[in-house]
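Read through the structure below, which is laid out as structure tokens, and then see the notes.
Numbers for residues simply follow the sequence, beginning at 1. The figures that follow rest on heavy atoms only: side chains count, while hydrogens, waters and symmetry mates do not.
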Amino acid sequence: LACETSKTAPLATTLTALALLAVGQMEAETPTDTASLTLVFTDIERPVGRLSIGLFADAESYAGDDAVSGAEVEVTGARASVTFEGLVPGTYGVKLYQDLNGNGELDTNMFGIPTEPYAFSNNAPARFGPAKWDAAAFEVLVGENSHEIRVGG
């Protein structure tokens, strides 16, 4: 019996190693559960400055300007784009403005009305403040996603 155990022990070890290797290969071939999001900005009227973009994951962060990710994109024409990688699939919203003069902030007049172009996901309208979360929210699914936003103004 002792002899038999010593003969099967290496076999068991080999089978265990092969099983672990197979599991590791299966995991490597399984697609990830993350998402990418390419935002495409269109109708940019003035090809100057930079777009300052905030990506928000829920109504609370959207209202509090607490973006989960952000980006700045140089504007050189009527279109621009940026891609966010490694996102958790779910509901997102976007706020952006075009910083025409390079001062790093959305300029406003004396009444607080923006004097630089701005936009929101879903091309949601802004009435007496930023667009509402319910109007700006959209779904990001596992894999590649794209969302178009008209900048205008």
Side-chain angles (χ1 to χ4, degrees), residues 13 15-153:
T13 303
L15 290 176
T16 302
L18 287 174
L20 290 173
L21 180 60
V23 168
Q25 286 176 346
M26 287 174 44
E27 288 175 357
E29 293 172 7
T30 303
T32 62
D33 292 336
T34 63
S36 67
L37 171 63
T38 299
L39 298 174
V40 179
F41 309 104
T42 64
D43 299 339
I44 301 171
E45 293 179 5
R46 296 177 62 189
V48 297
R50 300 177 73 76
L51 296 177
S52 182
I53 303 132
L55 181 65
F56 302 87
D58 56 45
E60 186 178 327
S61 65
Y62 184 85
D65 280 336
D66 186 21
V68 295
S69 191
E72 288 194 347
V73 177
E74 188 171 347
V75 177
T76 59
R79 293 175 64 91
S81 66
V82 66
T83 300
F84 295 92
E85 300 282 347
L87 298 174
V88 174
T91 304
Y92 288 87
V94 175
K95 295 180 185 181
L96 70 100
Y97 70 92
Q98 185 177 356
D99 186 5
L100 297 173
N101 59 9
N103 69 352
E105 57 187 57
L106 175 62
D107 294 334
T108 60
N109 66 17
M110 59 194 246
F111 300 109
I113 298 171
T115 58
E116 293 179 304
Y118 59 92
F120 304 93
S121 44
N122 292 333
N123 300 307
R127 293 189 178 94
F128 306 107
K132 302 296 182 216
W133 169 256
D134 291 342
F138 63 98
E139 290 300 311
V140 173
L141 306 174
V142 170
E144 296 178 8
N145 296 264
S146 154
H147 190 78
E148 188 173 301
I149 301 173
R150 288 187 313 272
V151 178

Quick check: do [X] and [Y] have side-chain heavy atoms less than 4.5 Å from each other?
X      : Y      : result
Val40  : Arg79  : yes
His147 : Val94  : no
Tyr92  : Leu87  : yes
Ile149 : Asn123 : yes

Output the distance between atom [atom1] ([X]) and atom [atom2] ([Y]), rounded to the nearest 0.5 Å.
X      : Y      : atom1 : atom2 : result
Leu100 : Arg50  : CG    : CZ    : 13.0 Å
Glu148 : Asp43  : CD    : CG    : 7.5 Å
Leu37  : Ser146 : CG    : OG    : 7.5 Å
Phe138 : Thr91  : CZ    : OG1   : 9.5 Å

Spell out, as yes or no, whether a donor-acceptor pair under 3.5 Å connects the side chain of [X] to the backbone of [Y].
X      : Y      : answer
Glu60  : Asp66  : no
Ser121 : Ala137 : no
Glu116 : Asp107 : yes
Asp99  : Gly49  : no

Closest heavy-atom contact between [X] and [Y]?
X      : Y      : result
Val142 : Asp33  : CG2-O, 3.9 Å
Arg150 : Ala119 : O-CB, 3.4 Å
Ser61  : Phe56  : O-CD2, 3.3 Å
Ala35  : Asn145 : CB-ND2, 3.9 Å
Gly54  : Ala67  : CA-CB, 4.2 Å
Thr115 : Asn109 : CG2-N, 3.6 Å

All side-chain hydrogen bond (donor to acceptor under 3.5 Å, both in side chains) counterparts of Asp134, not counting sequence neighbours: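 Asp134 satisfies side-chain hydrogen bond (donor to acceptor under 3.5 Å, both in side chains) with no residue once adjacent residues are dropped.
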
Output all residues satisfying side-chain contact (heavy atoms from CB on, under 4.5 Å) with Ala80, sequence neighbours left out; order by chain, then residue number.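 Ala80 satisfies side-chain contact (heavy atoms from CB on, under 4.5 Å) with Phe41, Ile44, Leu51, Val73 only.
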
For Ala59, check side-chain contact (heavy atoms from CB on, under 4.5 Å) against everything at least two apart and list the hits.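 Checked Ala59 against side-chain contact (heavy atoms from CB on, under 4.5 Å); matches are Trp133.
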
For the residue pair Lys95 and Tyr62, would you count it as a cation-pi contact if the rule is NZ or CZ under 6.0 angstrom from the ring centre and within 45 degrees of the ring axis?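 Judged by the rule, Lys95 and Tyr62 form a cation-pi pair.
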
Is it true that atom CD of Glu139 has more than 12 heavy atoms of other residues, nucleotides or ligands lying nearer than 6.0 Å?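 Check passes, neighbour count above 12.
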
